[in-house]
Amino acid sequence: MTDTPDHFCPGCGVARKSFPRYAWHFCSDCCEQATNGSGRQVECTNVSMSGGFQWRYIGTDDWTTCRGLYCYILNRDVYLTEARFGGIVAQPLLSRHRATDTEGLFKSIDIRND
């Protein structure tokens with residue numbers, strides 16, 4: 001069996017451990033720079049120890065629970081969501097992704113145009 005190839009954060013280029021499930025993920029420092037379309041910073045976390053995803057604008061008290069969040073990191077389209085077995089993962093969208101999962105009870109939220 002071969003070693004897992006090296007991974008570099010697509011935001012800052014720092015070397016990170018490679019995870020085949022999230023082949024091109026952002027480092028935690030870059031995830032802290034997530035913003036909406038007008039540059040308002042957001043933060044994300046798990047809902048509880050058993051998982052789930054929630055987000056809010058920094059400086060507010062209201063958390064929003066959803067499937068994931070379409071936003072920006074360093075002016076790049078990204079999708080933030082719950083990682084398998086907990087935590088938050090951010091992955092770049094390879095092209096201007098049209099979010100199709102933004103309706104219904106358990107939806108993702110797109111703040112790229114806010």
Side-chain angles (χ1 to χ4, degrees):
M1 186 182 245
T2 62
D3 290 337
T4 305
D6 291 332
H7 167 73
F8 297 92
C9 172
C12 65
V14 69
R16 306 297 298 172
K17 180 180 177 185
S18 178
F19 295 100
R21 180 175 293 277
Y22 308 112
W24 200 30
H25 63 279
F26 284 87
C27 70
S28 58
D29 289 338
C30 285
C31 287
E32 291 177 4
Q33 298 181 49
T35 65
N36 70 356
S38 61
R40 190 171 177 192
Q41 201 167 3
V42 301
E43 61 182 328
C44 304
T45 189
N46 291 116
V47 174
S48 69
M49 291 295 289
S50 60
F53 177 85
Q54 62 184 359
W55 72 279
R56 70 179 176 185
Y57 287 108
I58 290 181
T60 64
D61 294 327
D62 299 326
W63 289 97
T64 301
T65 301
C66 60
R67 177 180 295 165
L69 185 68
Y70 294 97
C71 60
Y72 293 106
I73 294 177
L74 302 171
N75 295 317
R76 174 176 269 166
D77 291 299
V78 300
Y79 184 66
L80 287 139
T81 192
E82 176 186 18
R84 186 172 187 187
F85 304 120
I88 303 299
V89 65
Q91 299 181 90
L93 299 172
L94 299 178
S95 63
R96 183 70 176 165
H97 182 81
R98 182 173 173 264
T100 58
D101 59 345
T102 58
E103 295 186 22
L105 184 60
F106 192 58
K107 63 184 177 184
S108 293
I109 297 174
D110 191 344
I111 61 169
R112 295 177 291 176
N113 293 322
D114 288 353

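Here, residue 1 is the first one in the sequence, and each next residue gets the next number.
- Here the closest heavy-atom approach between residue Tyr79 and residue Arg67 is recorded as OH-CG, 3.7 Å.
- Cys71 and Leu80 make their closest contact through SG-CD1, 3.0 Å (heavy atoms, listed as atom of the first residue, atom of the second, distance).
- Counting heavy atoms from C-beta on, the side chains of Thr45 and Gln54 come closer than 4.5 Å.
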List the steps and the verdict of side-chain contact (heavy atoms from CB on, under 4.5 Å) for Glu32 and Ile58.
CA-CA 10 Å; Glu32 291 177 4; Ile58 290 181; over 6 Å; no
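- Distance check: Ile109 CD1 to Asn36 CG gives 12.5 Å after rounding to the nearest 0.5 Å.
- Contact of the Thr81 side chain with the Val89 side chain is registered, since non-hydrogen atoms from C-beta on lie closer than 4.5 Å.
- Counting only heavy atoms from C-beta outward, the side chains of Leu93 and Val78 never approach each other to under 4.5 Å.
- In this structure, Val47 and Trp63 have side chains that are not in contact, with every pair of non-hydrogen atoms separated by 4.5 Å or more.
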Let me see the working for Leu74 and Gln33 under side-chain contact (heavy atoms from CB on, under 4.5 Å), right down to the final yes or no.
CA-CA 7 Å; Leu74 302 171; Gln33 298 181 49; 3.1 Å; yes
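- Arg40 is listed as a side-chain neighbour of Thr60, based on a closest heavy-atom distance under 4.5 Å.
- At a threshold of 4.5 Å between non-hydrogen side-chain atoms, the residues Tyr72 and Arg112 count as touching.
- When every heavy atom of Cys12 is checked against every heavy atom of Cys27, the shortest pair comes out as SG-SG, 3.7 Å.
- When every heavy atom of Asn46 is checked against every heavy atom of Gly86, the shortest pair comes out as OD1-C, 3.9 Å.
- Closest heavy-atom contact between His25 and His7: O-NE2, 2.8 Å.
- Thr65 places none of its side-chain heavy atoms less than 4.5 Å from the side chain of Phe53.
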CA sep, side-chain torsions, deciding dist, call: Cys44, Leu69, side-chain contact (heavy atoms from CB on, under 4.5 Å)
CA-CA 9 Å; Cys44 304; Leu69 185 68; 4.2 Å; yes
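- Using a 4.5 Å heavy-atom threshold, the side chains of Asp62 and Tyr57 count as separate.
- Here Glu82 contributes atom CD and Ile88 contributes atom CD1; the two are 6.5 Å apart, rounded to the nearest 0.5 Å.
- To the nearest 0.5 angstrom, Thr35 atom OG1 is 8.0 Å from Gln41 atom CD.
- What you find for Trp55 and Cys66 is that their closest heavy atoms are CD1-SG, 3.7 Å.
- Between atom CD of residue Gln91 and atom CZ of residue Arg76 there is a gap of 12.5 Å, rounded to the nearest 0.5 Å.
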